[in-house]
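Read the structure below first, then the notes.
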Amino acid sequence: MQMSLLIKNGRIFIGGKLLVKNILTEDSIISSITSGIPQADEIINAGGKIVIPGVIDPHVHFREPGMIQKEDFLSGSTAAASGGVTCFLDMPNNRPPTLTKKDLEMKRVFARKSVVNFGFHFGSSTGNIGEIRNARCIASVKIFMNASTGNMLIENEETIRKIMESSKMNTIHAEGKDAERAIKIARSAGKRFYLCHVSDAKEIEKVRENEKRNVFAEVTPHHLFLTKKDQNRMVKMKPPLKGENDRKALWEALRDGTIDTIGSDHAPHRPEEKMSSELFGVPGVETRLPLMLDAVNRGLLNLGRAVQTMCENPAMIFKIKNKGFIKEGKDADLTIIDMKLKKRVRNDSLLTKCGWSPFDGFELKGWPTHTIVNGRVVYENGSVAEKDKGTEVSYD
Ligand code: DOR
Ligand code: ZN
Ligand code: ZN
């Protein structure tokens, strides 16, 4: 059944400013932004709160198929909704990895459980160039230039160049010297790509000095808020945490526009698995927005940059149709935030199936109160509705 929703009295983030307006959504589209008070089936009073475009997480590992003891599309997406995320892009290092049309179709079926909107990054291997050329409706083709969860490492430069030449867009895991290599290969292939999780000052320098600007750069909250001194927080991940100077350089690059997006790199593993073997990755889809809003409250970043890097830029870089901005005619994906709300991150109140966070115990000021997906309230003040499902995004 179609429905209309009115969000009234909010301060709406439009064109870099906060305007006191009411938003009417109808049939999953923003139908009007007005000073009037239109009729609606459902009304949210957002008085005192801010409405931002639905938050997009461009980098998550929801583990389905193959590792659903860690996460699946239902648990991952409810965690996303409680973190204010209306849309995520899922990575291909599953079991089996997403390397063929058939693998992708299978994932599409699994993702029907998701309560928020979703899209997929396709995988690459030495042998799937034909599949890459034929892949449709994907955000990017992922290349792992370093070994990590899922044995998808590709080292040969010729192969990497061929994959780039065969893709519209690539997301690349490449650390340190390999980030430099990725930039060089992309340049020779005449391609622009998305560099996942920059983590140190040297990588930032390489991105900055690349005057052609053929790279979009992402940073994760764990690299922004933690350093290698935090080893007691189960923070083994790829790329590893660095020192304080690197952390500062990441903040500088985030503020000055060298970094384009914040991706959670949500990579859940169960605590007992993490203790008993060498597993890389930390969860983060539910804590990314509150961590960044807390940073806004502390003056580390302005709200405009937070919205650019978590809503607008992910939509623009991956050409996600109709999302990323609050505008009449865009999809009704909206996140309502309360910049005064204080809460503590606690392992036992998280919705991720892995049940822990490296930020356990952090008290943060600035949290989402409502997550609205396709004009329906999926998350509201602590609870997630699982009835309505999200839909797969399309691309311009
Ligand atoms: O720490 C990581 N975990 N880095 C990656 O590149 C993959 C991820 C995972 O999927 O576990
Ligand atoms: Zn990675
Ligand atoms: Zn990742």
Side-chain angles (χ1 to χ4, degrees), residues 56-73 75-76 79-80 85 88-99 107 119-124 139-155 160 170-179 181-182 193-200 203 215-224 226 228 230-231 233-242 250 259 261-271 273-285 288 314 318 352-354 356-358:
I56 300 173
D57 194 334
H59 185 163
V60 304
H61 301 264
F62 279 173
R63 307 299 193 202
E64 187 167 7
M67 291 173 276
I68 58 173
Q69 79 280 11
K70 303 175 196 275
E71 199 79 283
D72 60 47
F73 280 110
S75 62
V85 172
F88 63 83
L89 301 177
D90 189 48
M91 285 295 173
N93 55 334
N94 296 92
R95 288 191 200 140
T98 317
L99 293 171
K107 238 176 136 164
F120 304 100
H121 298 285
F122 201 67
S124 62
S140 83
V141 174
K142 174 85 179 261
I143 305 173
F144 281 93
M145 289 179 63
N146 306 101
S148 192
T149 307
N151 301 324
M152 294 184 79
L153 174 65
I154 301 179
E155 283 175 305
I160 295 167
N170 294 105
T171 48
I172 304 191
H173 177 128
E175 304 174 29
K177 283 271 172 224
D178 290 309
R181 263 175 81 219
F193 74 100
Y194 182 91
L195 180 61
C196 295
H197 43 52
V198 295
S199 67
D200 68 28
E203 289 173 1
V215 43
F216 298 104
E218 173 197 76
V219 70
T220 72
H222 42 274
H223 293 107
L224 285 172
L226 303 171
K228 57 188 172 195
D230 292 295
Q231 285 311 333
R233 292 183 169 270
M234 292 211 295
V235 282
K236 197 157 270 178
M237 84 275 292
K238 292 242 180 167
L241 296 174
K242 306 288 159 53
L250 295 177
I259 286 174
T261 70
I262 300 165
S264 71
D265 198 2
H266 179 80
H269 297 284
R270 300 190 64 88
E273 300 171 321
K274 208 71 191 154
M275 309 276 215
S276 63
S277 49
E278 175 93 334
L279 289 175
F280 299 107
V282 293
V285 71
R288 161 175 167 262
F318 295 107
T352 171
K353 210 188 260 190
C354 75
W356 68 280
S357 160

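What you see is a predicted model; the values in this text were computed from it and never measured. Each ligand, and each atom within it, is numbered from 1 in the order the structure gives.
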#### Entry: For the Zn ion (ligand 2): the N/O/S atom of His197 at shortest distance
NE2
### Task
For atom 7 (C) of ligand 1, grab the closest protein heavy atom and report residue, atom and distance to one decimal in Å.
Ser148 OG, 3.0 Å
### Message
Among the N/O/S atoms of His173, which is closest to the Zn ion (ligand 2)? Give the atom name.
### Response
ND1
### Task
Note the single closest protein heavy atom to atom 9 (C) of ligand 1, along with its residue, its atom name and the distance in Å.
Thr149 OG1, 3.2 Å
### Query
Less than 4.5 Å apart, any side-chain heavy atom of Thr98 and any of Lys142?
no
#### Entry: Mode of Asn93 contact toward ligand 1 - side chain, backbone, both, neither (heavy atoms, under 4.0 Å)
side chain
### Message
Using a 3.5 Å cut-off on N or O atoms only, is Gly281 in polar contact with ligand 1?
### Response
yes
### Heteroatom N/O/S of His59 within less than 2.8 Å of the Zn ion (ligand 2)
no
## Note on the structure
One finds that the ligand 1 atoms under 4.0 Å from a non-hydrogen atom of Phe144 are 6 (O)
### Side-chain heavy atoms of Tyr194 within contact of Thr261, under 4.5 Å
yes
### Message
Restricting to N, O or S, what is the name of the atom of Asp265 that lies nearest the Zn ion (ligand 3)?
### Response
OD1
### Query
What do the steps show when you test Thr352 against Glu71 for side-chain contact (heavy atoms from CB on, under 4.5 Å), and what is the final call?
CA-CA 7 Å; Thr352 171; Glu71 199 79 283; 2.7 Å; yes
### Task
Tell me whether the centres of the aromatic rings in His266 and Phe62 are closer together than 6.0 Å.
yes
### Protein heavy-atom partner closest to atom 3 (N) of ligand 1 - residue, atom, separation in Å
Phe280 O, 3.0 Å
### Message
Need the ligand 1 atom indices (1-based, order shown) with element for anything under 4.0 Å from a heavy-atom of Ala267.
### Response
3 (N), 8 (C), 9 (C), 11 (O)
### Query
Pick from Phe144, Phe318, Phe88: which one makes a ring-ring contact (aromatic ring centres under 6.0 Å, His included) with His121?
Phe318
### Task
List the steps and the verdict of side chain to side chain donor-acceptor pair (under 3.5 Å) for Asp57 and Ser264.
CA-CA 7 Å; Asp57 194 334; Ser264 71; 2.6 Å; yes
### Task
Give yes if a backbone or side-chain nitrogen or oxygen of Met237 is under 3.5 Å from a nitrogen or oxygen of ligand 1, and no if not.
no
### Query
What do you reckon, does His269 put a non-hydrogen atom under 4.0 Å from ligand 1?
yes
### His59, Lys238, His197 screened by side-chain hydrogen bond (donor to acceptor under 3.5 Å, both in side chains) with His173, the one that passes
His197
### Message
Checking Asp265 against His61: is there a side-chain donor and acceptor pair closer than 3.5 Å?
### Response
yes
### Query
Out of Arg63, Lys353, Lys107, which residue meets the salt bridge (charged side-chain N to carboxylate O under 4.0 Å, His left out) rule with Asp72?
Lys353
### Query
Would you say Arg63 contacts ligand 1, with heavy atoms under 4.0 Å as the rule?
yes
### Task
From the options Lys236, Arg233, His223, select the one residue that forms a side chain to side chain contact (heavy atoms under 4.5 Å, CB included) with Leu241.
His223
### Task
Using a 4.0 Å heavy-atom cut-off, say whether Lys238 meets ligand 1 through its side chain, its backbone, both or neither.
both
